[in-house]
Amino acid sequence: MCGIVGYIGPKKVVPLILDGLRRLEYRGYDSAGIAVVGPDGKLELRRASGKLRNLEEAIRQSPIDGLYGIGHTRWATHGRPTEENAHPHRDCTGQVVVVHNGIVENYIELKHELEKEGHKFVTETDTEIIAHLIEKYMDGGPLETAVRKTVRRLTGVYAIAVLSAKDPQKIVAARLGPPVVVGLGQGEYFVASDIPAILYHTRDIFFLGDGDIAVLTPQGVCLTDTAGAHVEPQVQHVTWDPIMAEKGGYKHFMLKEIFEQPTAVRDTMLGRISLDTGKVFLDRMDISEDEFRNFRDVKIVACGTSWHAGLAGKFMIERMARIPVEVDYGSEFRYRDPIVDNRTLVICISQSGETADTLAAQREAKQKGSKTLAICNVVGSMVTREAAGTILTHAGPEIGVASTKAFTGQLTALMLIALYLGQLRGKLSPEVSQRLMQEFTRLPHKMETILQGDETGIYEGLARQFFRYSDFLYLARGIHYPIALEGALKLKEISYIHAEGYPAGEMKHGPNALIDENLPVVVLATRDESDHDSMTRYEKSVSNIQEVKARDGIVISVITEGDHLARKASDHVIEIPMAPEFMTPILEIVPLQLLAYHIAVRRGCDVDQPRNLAKSVTVE
């Protein structure tokens with residue numbers, strides 16, 4: 001959600017900032033802008049609505065250069081996506097500029113106050129308030145003091161970077177909510193809203209905590225809190241190769257990330273399992289084994305794709321550890337006064353670790369005395385810093401807005417938690433643990449065999465047949481139902497086709513009315529022959545397929561290799577290798593991702609940057 005890039009150092013600032021903004025395009029945006037201060041101390045600004053190429057054209061027609069500067073890609077919250085509403089925003093004098101991610105909830109109240117004092121506003125945005133407040137508080141003092149006074153007046157969330165021609169050779173950044181990362185180079189310093197923007201220039205970074213204010217000058221970086229007290233930054237060395245954030249020969253980031261899933265799953269397992277004993281080892285835990293044994297219940301909080309992972313995790317944990325699990329949307333959790341205490345484990349799942357709703361839920365749980373465990377893909381993100389324990393998914397940077405490899409990484413982490421709790425609580429014998437672990441470690445190779453199917457053209461063939469349909473229905477039972485929800489979400493997100501996921505047993509309670517010759521129905525009809533309950537669900541799923549066919553519906557089934565019953569009943573089938581019932585979701589989602597991808601490409605959609613969506617949702 002929005003992108004920020006700032007630079008102070010010896011390099012040419014305009015191309016560096018534009019390149020950084022380009023690497024943040026995946027976050028979603030509808031306008032862009034840049035502000036730089038030149039050798040003469042003059043502040044220059046260029047903005048454009050639409051894509052970054054429009055800003056580049058504006059700069060080509062009216063060139064600018066500078067010694068340091070800030071840039072922004074905006075995802076509209078207040079005001080239309082126009083040039084005048086694009087960031088950076090200025091004060092009355094034109095000497096202060098600010099870029100901002102987040103929402104100022106009390107901006108109308110502040111705007112009325114400032115208008116009474118003579119300030120003139122020229123945009124529809126809440127961000128312009130920040131520039132005028134800084135102007136008000138500058139009063140001949142340093143920029144960081146004015147920023148400190150300003151942020152104390154703001155209600156809401158913000159990540160800001162500020163320049164002032166009145167206090168040159170300085171960039172001030174502040175954070176409450178949305179992420180801000182500072183990069184440390186050799187005589188050069190960077191600020192950004194996400195790591196890929198600066199990864200080509202430095203791998204030494206630190207994240208601002210809530211309430212932190214960073215001052216970047218050619219001499220270095222000073223970090224303080226809102227009271228002005230010094231804060232020691234927690235510098236990390238990023239191990240990603242920058243090329244990991246590039247397409248690597250794939251047509252789209254999303255396709256690349258779908259194909260990276262076997263590696264993501266392997267890397268999430270790495271160092272956490274023993275094939276010899278079947279045991280799971282979890283590091284980064286300030287939760288004792290006794291606490292894990294004595295938790296009375298588990299709450300999982302997440303949003304979107306991560307919520308679907310949490311739903312599947314509920315089945316895993318309840319089956320393996322025999323402990324009750326509830327799954328909540330992060331956006332709903334804190335508003336229902338949840339019943340949690342020190343015997344409740346709250347698992348917070350977030351790809352970015354900066355999801356506003358999930359962070360709010362985590363804080364609610366902590367306030368009520370619960371230990372929180374984070375599942376996250378970003379080292380040092382806010383959700384990991386506030387958790388008592390963290391399982392990093394090691395999926396690497398995920399650029400496509402529609403999550404793929406982060407989702408399978410989350411499922412892998414949840415399976416690790418389920419096995420760990422089951423072992424600690426004495427619900428899984430060493431023999432069963434060892435057998436499950438052997439099956440678990442075979443999943444990446446099985447995913448690779450599924451991905452090989454993309455080369456046969458099966459998904460392109462299905463896309464050619466179905467890309468003009470306007471509605472899809474996804475059906476499944478048990479642990480497969482969350483995967484039906486996720487498959488439907490993927491299709492919605494990137495192809496803009498209306499799709500719904502339903503428990504197959506609910507067909508007769510409403511969805512049957514939708515079925516006709518114009519409704520493709522995707523059915524997850526896999527089976528684990530060694531699991532009696534799985535076979536019962538499978539047989540009922542085949543009955544659902546037959547019900548759809550009896551009403552002239554078109555059935556696309558995901559089935560287990562060697563299955564003949566579901567194959568015969570379906571119009572189209574996609575095979576996946578056999579796996580234990582509670583590990584099958586990690587395999588099942590891959591063909592649903594590929595199906596959605598190829599349909600979206602066939603429809604001419606931008607699969608990496610779907611309309612109206614942002615990668616990291618940092619406001620409620």
Side-chain angles (χ1 to χ4, degrees), residues 234 268-274 277-302 306-307 309-328 330 333-334 336-350 353 355 358-377 379-394 409-430 432-433 436-437 440 582:
Q234 298 179 5
T268 301
M269 293 178 185
L270 199 64
R272 292 172 171 149
I273 58 175
S274 168
T277 64
K279 283 191 174 181
V280 174
F281 307 97
L282 299 183
D283 55 356
R284 298 174 180 264
M285 292 293 156
D286 188 22
I287 306 173
S288 69
E289 289 190 357
D290 281 343
E291 285 176 308
F292 273 116
R293 286 190 191 94
N294 293 321
F295 284 128
R296 185 176 53 238
D297 62 333
V298 175
K299 299 283 193 296
I300 298 176
V301 291
S306 298
W307 184 75
L311 284 178
K314 169 185 170 71
F315 286 91
M316 296 172 183
I317 294 169
E318 289 190 342
R319 174 67 175 265
M320 307 291 178
R322 307 308 299 161
I323 181 172
V325 181
E326 288 185 3
V327 185
D328 270 273
F333 184 76
R334 67 177 171 143
R336 67 175 180 86
D337 193 16
I339 302 170
V340 298
D341 57 26
N342 62 0
R343 292 196 60 194
T344 301
L345 173 64
V346 177
I347 300 174
C348 305
I349 311 175
S350 169
T355 309
T358 305
L359 282 167
Q362 180 183 36
R363 289 162 184 163
E364 176 79 9
K366 289 174 66 178
Q367 187 178 354
K368 291 175 178 289
S370 292
K371 288 286 182 81
T372 66
L373 191 161
I375 296 176
C376 184
N377 195 41
V379 177
S381 59
M382 185 61 79
V383 75
T384 66
R385 294 209 298 273
E386 296 198 7
T390 296
I391 299 179
L392 292 168
T393 49
H394 299 306
Q410 290 166 354
L411 292 176
T412 304
L414 286 160
M415 179 57 71
L416 287 169
I417 292 170
L419 291 167
Y420 181 73
L421 286 171
Q423 290 165 4
L424 276 185
R425 296 165 68 88
K427 304 301 181 183
L428 293 176
S429 68
V432 170
S433 293
L436 288 172
M437 195 59 66
F440 196 28
F582 287 83

Notebook entry, point to check: How about K279: does its NZ atom have over 12 heavy atoms from other parts shown lying under 6.0 Å from it?
Noted result: no
Next item on the list: Look at atom CZ of R322 and say whether more than 12 heavy atoms of other residues, nucleotides or ligands are closer to it than 6.0 Å.
Entry: no
N/O donor-acceptor pair under 3.5 Å between [X] side chain and [Y] backbone:
X: R425; Y: R293; answer: yes
X: T355; Y: T358; answer: no
X: S433; Y: S429; answer: yes
X: Q362; Y: V383; answer: yes

At their closest point, which heavy atom of [X] faces which heavy atom of [Y], and how far apart are they?
X: A413; Y: I375; result: CB-CG2, 3.8 Å
X: Q410; Y: S350; result: NE2-C, 4.1 Å
X: F440; Y: L419; result: CD2-CD1, 4.1 Å
X: S274; Y: M437; result: O-CG, 3.8 Å
X: A374; Y: T384; result: CB-CA, 4.3 Å
X: T372; Y: C348; result: CB-SG, 4.3 Å

Notebook entry, point to check: In this structure, which one of D341, D337, T344 forms a side-chain hydrogen bond (donor to acceptor under 3.5 Å, both in side chains) with K368?
Noted result: D337
Does any part of the side chain of [Y], heavy atoms only, come nearer than 4.5 Å to the side chain of [X], both counted from C-beta?
X: V280; Y: Q423; answer: yes
X: I417; Y: V298; answer: no
X: I391; Y: R272; answer: yes

At what distance, to the nearest 0.5 angstrom, does [atom1] of [X] lie from [atom2] of [Y]?
X: M316; Y: L416; atom1: CE; atom2: CG; answer: 10.0 Å
X: D328; Y: I300; atom1: CG; atom2: CD1; answer: 10.0 Å
X: S306; Y: L311; atom1: OG; atom2: CG; answer: 11.0 Å

Checking [X] now: which residues fulfil side-chain hydrogen bond (donor to acceptor under 3.5 Å, both in side chains) with it, not counting sequence neighbours?
X: S381; value: none
X: T393; value: N377
X: E318; value: K314

Item checked: Derivation and outcome, side-chain contact (heavy atoms from CB on, under 4.5 Å), residues K371 and L373 -> CA-CA 7 Å; K371 288 286 182 81; L373 191 161; over 6 Å; no
Notebook entry, point to check: Should I347 and I317 be marked as a side-chain contact (heavy atoms from CB on, under 4.5 Å) after you check the CA-CA gap, both sets of side-chain angles, and the distance that decides it?
Noted result: CA-CA 12 Å; I347 300 174; I317 294 169; 4.0 Å; yes
Check: L345 and F292: side-chain contact (heavy atoms from CB on, under 4.5 Å), yes or no, with the steps?
Finding: CA-CA 8 Å; L345 173 64; F292 273 116; 4.0 Å; yes
Item checked: side chain to side chain contact (heavy atoms under 4.5 Å, CB included) partners for N294, two or more places apart -> D290
Notebook entry, point to check: Any salt bridge (Lys or Arg N to Asp or Glu O under 4.0 Å) pairs touching residues 383-394, not counting sequence neighbours?
Noted result: R363-E386
Check: salt bridge (charged side-chain N to carboxylate O under 4.0 Å, His left out) with K427: which residues, sequence neighbours excluded?
Finding: none
Check: Passes side-chain contact (heavy atoms from CB on, under 4.5 Å), Q367 versus R334? Steps please.
Finding: CA-CA 11 Å; Q367 187 178 354; R334 67 177 171 143; over 6 Å; no
